[in-house]
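A short worksheet on the structure shown next.
The chains referred to below are lettered A, B, ... by the order of the sequence lines, with proteins before strands, and numbering in each begins at 1.
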Number of protein chains: 2
Amino acid sequence: MVAILPGMREPTFLILTALAGAPLHGYGVIRQVAEHSGGRVTLSAGTLYAALDRLTGEGLVEASGEEEVDGRVRRYYRLTPAGGAALQAEAESLRRNADLATRRLAAWSPHPA
Amino acid sequence: MVAILPGMREPTFLILTALAGAPLHGYGVIRQVAEHSGGRVTLSAGTLYAALDRLTGEGLVEASGEEEVDGRVRRYYRLTPAGGAALQAEAESLRRNADLATRRLAAWSPHPA
DNA sequence: GGCAATATAGCGACCATCGACATATGCCAC
DNA sequence: GTGGCATATGTCGATGGTCGCTATATTGCC
């Protein structure tokens with residue numbers, strides 16, 4: 001299997017992370033991401049719905065039924081097995097990169113001259 | 001100080017990481033990044049030199065002298081204090097994101113099809 | 001009556017990255 | 001002795017994910 005998303009961007013990563021745990025509808029994802037990041041990342045609607053379409057097309061996310069609440073339609077999405085695998089692979093890649101940077105920074109002196 | 005680069009992309013992150021430790025010239029950065037990532041990431045020249053210009057303009061990287069080796073000019077770059085701080089902040093962000101995803105994936109069952 | 005929150009979606013613009021190209025030197029094989 | 005590869009720097013056009021703005025509709029609060 002090819003790594004479909006090398007260099008996944010942060011918003012995409014956080015969307016997949018939000019869907020790992022329980023299916024959510026679009027607006028729920030936005031709130032979840034904001035909560036997870038402590039308000040640091042606020043997904044715009046454009047980013048979110050475009051990403052959900054793209055990820056659905058890539059098979060990392062799939063529709064999980066609709067629901068009508070107070071006259072508003074909710075479209076639910078959930079991670080596919082491929083989506084879970086992609087998220088895990090990306091998480092490991094991030095951790096490796098973070099550890100590498102931290103290790104090198106530890107031995108780094110700001111302007112040695 | 002403001003976090004200049006929220007949502008830094010992977011190539012940019014790896015360039016800064018390569019420069020944390022010792023000043024390098026462009027081509028040296030390309031080799032270092034390839035080595036660090038085990039060949040997973042091979043920076044194209046376009047990405048590298050554009051990024052160095054951009055990062056220099058943002059004050060995260062600075063020129064560190066030139067050298068002529070075998071008739072070929074080497075332009076060295078090094079991390080600025082601001083660059084080190086930005087890299088560290090980004091590394092911590094990556095680790096938080098990776099940990100969050102891993103935690104949620106642990107409690108996730110790939111839907112029983 | 002207006003404004004915020006909920007909920008979905010399209011559209012134009014931005015910009016980091018990529019791939020291809022350009023240029024030049026040193027070295028090794030054929 | 002020429003063709004190819006590694007070294008070394010850079011430009012340029014295309015791609016594509018994200019952002020900001022806009023549109024639409026309902027509920028609830030002041």
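- If you measure from atom CG of A/D53 to atom C1' of D/dG17, you get 13 Å, rounded to the nearest angstrom.
- Sorted by first then second residue, the side chain to side chain donor-acceptor pair (under 3.5 Å) pairs that include residues 21-32 of chain B, not counting sequence neighbours, are B/Q32-B/H36.
- Within a heavy-atom distance below 4.0 Å of DNA chain C, the residues of residues 25-36 of chain A found are A/H25, A/G26, A/Y27, A/R31.
- Residue A/S44 has no polar side-chain atom (N or O) positioned under 4.0 Å from OP1 or OP2 of D/dT18.
- Nucleotide D/dG17 holds its P atom 12 Å from the CG atom of A/L60, rounded to whole Å.
- With B/N97 as the fixed residue, the side chain to side chain donor-acceptor pair (under 3.5 Å) test singles out one of A/R95, A/E10, A/E90: A/E10.
- Whole-Å rounding puts the B/E68 CD to D/dT9 C1' distance at 13 Å.
- Qualifying side-chain hydrogen bond (donor to acceptor under 3.5 Å, both in side chains) partners for A/S64, counting only residues two or more places apart in sequence or in other chains: none.
- Within the nucleic acid shown, A/V69 has no heavy atom closer than 4.0 Å to any nucleic acid atom.
- A sub-4.0 Å separation between OP1 or OP2 of D/dG17 and a side-chain N or O of B/R9 is absent.
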Would you mind building the protein contact string for nucleotides 22-30 of chain D? One character per nucleotide, 5' to 3', B for base within reach (heavy atoms under 4.0 Å), S for sugar-phosphate only, - for untouched. ----BS---
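- Remark: A/D53 pairs with no residue by the salt bridge (charged side-chain N to carboxylate O under 4.0 Å, His left out) rule, at least two apart or across chains.
- Not a single salt bridge (charged side-chain N to carboxylate O under 4.0 Å, His left out) links B/R74 to another residue, sequence neighbours left out.
- Rounded to an integer number of Å, the gap from CD of B/E66 to P of D/dA8 is 14 Å.
- Atom-to-atom, CZ of A/R54 to P of D/dG16 comes out at 11 Å; the value is rounded to the nearest Å.
- The ring pair (Phe, Tyr, Trp, His ring centres under 6.0 Å) analysis of residues 86-106 of chain B, with sequence neighbours excluded, yields no pairs.
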List the atom pairs, with distances to 0.1 Å, where a side-chain N or O of residues 41-50 of chain B and a protein N or O form a donor-acceptor pair under 3.5 Å, not counting sequence neighbours.
{"from": "B/S44", "atom 1": "OG", "to": "B/T47", "atom 2": "N", "distance (Å)": "3.4"}
{"from": "B/S44", "atom 1": "OG", "to": "B/T47", "atom 2": "OG1", "distance (Å)": "3.0"}

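- With sequence neighbours left out, the side-chain hydrogen bond (donor to acceptor under 3.5 Å, both in side chains) criterion links B/E35 to no other residue.
- Residues passing the salt bridge (charged side-chain N to carboxylate O under 4.0 Å, His left out) test with A/R104: none are found, sequence neighbours excluded.
- The distance between atom CG of A/L16 and atom C1' of D/dG17, rounded to the nearest whole Å, is 14 Å.
- By the side-chain hydrogen bond (donor to acceptor under 3.5 Å, both in side chains) test, A/E92 is found to be paired with no residue, residues two or more places apart in sequence or in another chain being considered.
- For the pair A/E10 CD and D/dC19 P, the computed distance is 9 Å after rounding to whole Å.
- With B/T12 contributing its side chain and B/M8 its backbone, the two residues share no donor-acceptor pair below 3.5 Å.
- Taking atom CG of A/L43 as the reference point, atom P of D/dG20 lies 11 Å away to the nearest angstrom.
- The span of DNA chain C lying next to chain B, judged by atoms under 4.0 Å from heavy atoms, is bounded 5' to 3' by C/dA16 to C/dG26.
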